[in-house]
Asker: 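Sharing a structure with you now.
Residue numbers run from 1 in the order of the sequence given.
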Amino acid sequence: MKGFVMGLSNFFEIDQERLGQKIKVALICTICALLPYYAAVFTIDYPHTKWVRNDYYYYECMFRLVLGEEALYRLLPLMLVIEIFGVRWWVIFITILSTSTYFALIHNGYSSLLAIGPAAVLFSIAFLSFGGLNKKYLQAFIWCSLIHTAMNLIVFVFVPIVFY
């Protein structure tokens with residue numbers, strides 16, 4: 001495990017203590033993104049959170065969709081805004097709000113706006129805090145994808161297996 005952390009710290013060019021802090025923040029972001037989602041799951045019936053999947057292809061597709069969603073809704077818009085306008089918080093705020101709204105609407109329509117919208121905002125904040133503001137877009141993309149993947153695994157794998 002120590003070698004794994006050292007390898008990650010070398011890849012992200014940060015010391016091991018800061019890497020541990022980033023992992024803790026990533027876990028907190030994942031948990032905070034899950035809270036509004038499951039609050040809405042119990043008020044709105046989302047049947048896809050109750051399916052238990054046993055095929056490998058489903059998980060592979062889910063991971064590829066995470067990469068595509070992170071590139072389309074976090075990497076491209078925030079990278080373009082930061083490169084064109086610099087770090088202007090009102091432009092970043094409007095970009096986060098609009099992409100997060102669209103991200104929520106394409107998932108399940110208006111019923112998922114309050115469930116997935118806050119999670120999308122947290123993913124955008126994670127993207128910015130894990131390197132997006134410092135123009136380390138690949139690092140931010142990888143961290144945000146890991147957080148999104150962790151959340152999807154909890155939502156679509158762990159919870160259906162344990163509770164349904």
Side-chain angles (χ1 to χ4, degrees), residues 8 11-14 18-19 21-49 51 53 58-159:
L8 278 178
F11 176 75
F12 290 120
E13 298 173 355
I14 57 176
R18 287 200 55 218
L19 179 66
Q21 291 172 348
K22 285 189 178 252
I23 290 173
K24 289 176 189 174
V25 171
L27 290 173
I28 290 169
C29 285
T30 303
I31 292 168
C32 290
L34 283 170
L35 293 176
Y37 188 81
Y38 271 101
V41 165
F42 290 120
T43 58
I44 303 166
D45 187 29
Y46 283 155
H48 62 279
T49 60
W51 301 335
R53 301 288 182 131
Y58 172 75
Y59 301 112
E60 180 187 346
C61 287
M62 186 171 58
F63 182 70
R64 281 191 272 142
L65 285 173
V66 164
L67 293 177
E69 287 175 351
E70 291 305 316
L72 189 61
Y73 298 110
R74 252 70 70 193
L75 178 66
L76 293 177
L78 292 172
M79 182 179 69
L80 288 174
V81 163
I82 291 171
E83 289 296 325
I84 293 171
F85 297 105
V87 181
R88 293 204 174 121
W89 287 105
W90 65 274
V91 179
I92 292 173
F93 176 74
I94 291 171
T95 304
I96 288 174
L97 201 60
S98 60
T99 57
S100 297
T101 302
Y102 188 69
F103 178 78
L105 290 176
I106 63 149
H107 275 78
N108 206 16
Y110 288 107
S111 62
S112 67
L113 192 59
L114 295 176
I116 299 176
V121 170
L122 280 169
F123 292 153
S124 298
I125 292 170
F127 180 86
L128 294 173
S129 67
F130 283 109
L133 286 176
N134 300 327
K135 297 185 178 184
K136 296 180 180 178
Y137 301 118
L138 180 62
Q139 177 179 332
F141 175 73
I142 291 170
W143 275 106
C144 200
S145 297
L146 289 174
I147 293 169
H148 194 157
T149 301
M151 183 181 159
N152 280 355
L153 287 175
I154 292 169
V155 169
F156 297 115
V157 179
F158 177 72
V159 171

Asker: State, to 0.1 Å, how close Ser100 and Ser124 come at their nearest heavy-atom pair, and which atoms those are.
Answerer: OG-OG, 3.9 Å
Asker: Looking at CG of Leu78 and CZ of Phe141, how far apart are the two atoms once the value is rounded to the nearest 0.5 Å?
Answerer: 12.5 Å
Asker: In Å and rounded to the nearest 0.5 Å, what is the CG to CZ distance from Leu72 to Phe103?
Answerer: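 Here the interatomic distance stands at 10.0 Å.
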Asker: Would you say that Phe130 contacts Ile142 through its side chain, given a criterion of any heavy-atom pair below 4.5 Å between the two side chains?
Answerer: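 Phe130 vs Ile142: side chains apart.
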Asker: Could you state the interatomic distance from CD1 (Ile125) to CD1 (Ile147), rounded to the nearest 0.5 Å?
Answerer: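 Result: 11.0 Å between the selected atoms.
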Asker: Using the side-chain hydrogen bond (donor to acceptor under 3.5 Å, both in side chains) rule, collect all pairs that involve residues 69-96, keeping only residues at least two apart or in two chains.
Answerer: Glu69-His107, Glu69-His148, Glu70-Arg74, Glu70-His148, Glu83-Tyr137
Asker: Report yes if the side chains of Leu128 and Ile96 come closer than 4.5 Å at any heavy-atom pair, otherwise no.
Answerer: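 Counting from C-beta outward, Leu128 and Ile96 do come under 4.5 Å.
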Asker: State which residue, out of Val91, Val87, Leu76, fulfils the side-chain contact (heavy atoms from CB on, under 4.5 Å) condition with Val81.
Answerer: Val91
Asker: Please examine the side chains of Ile92 and Leu133, heavy atoms only from C-beta on, and report whether any two atoms are closer than 4.5 Å.
Answerer: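 Leu133 reaches Ile92 side chain to side chain.
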Asker: I need the minimum non-hydrogen distance between Phe127 and Ala140, along with the two atoms involved.
Answerer: O-CB, 3.2 Å
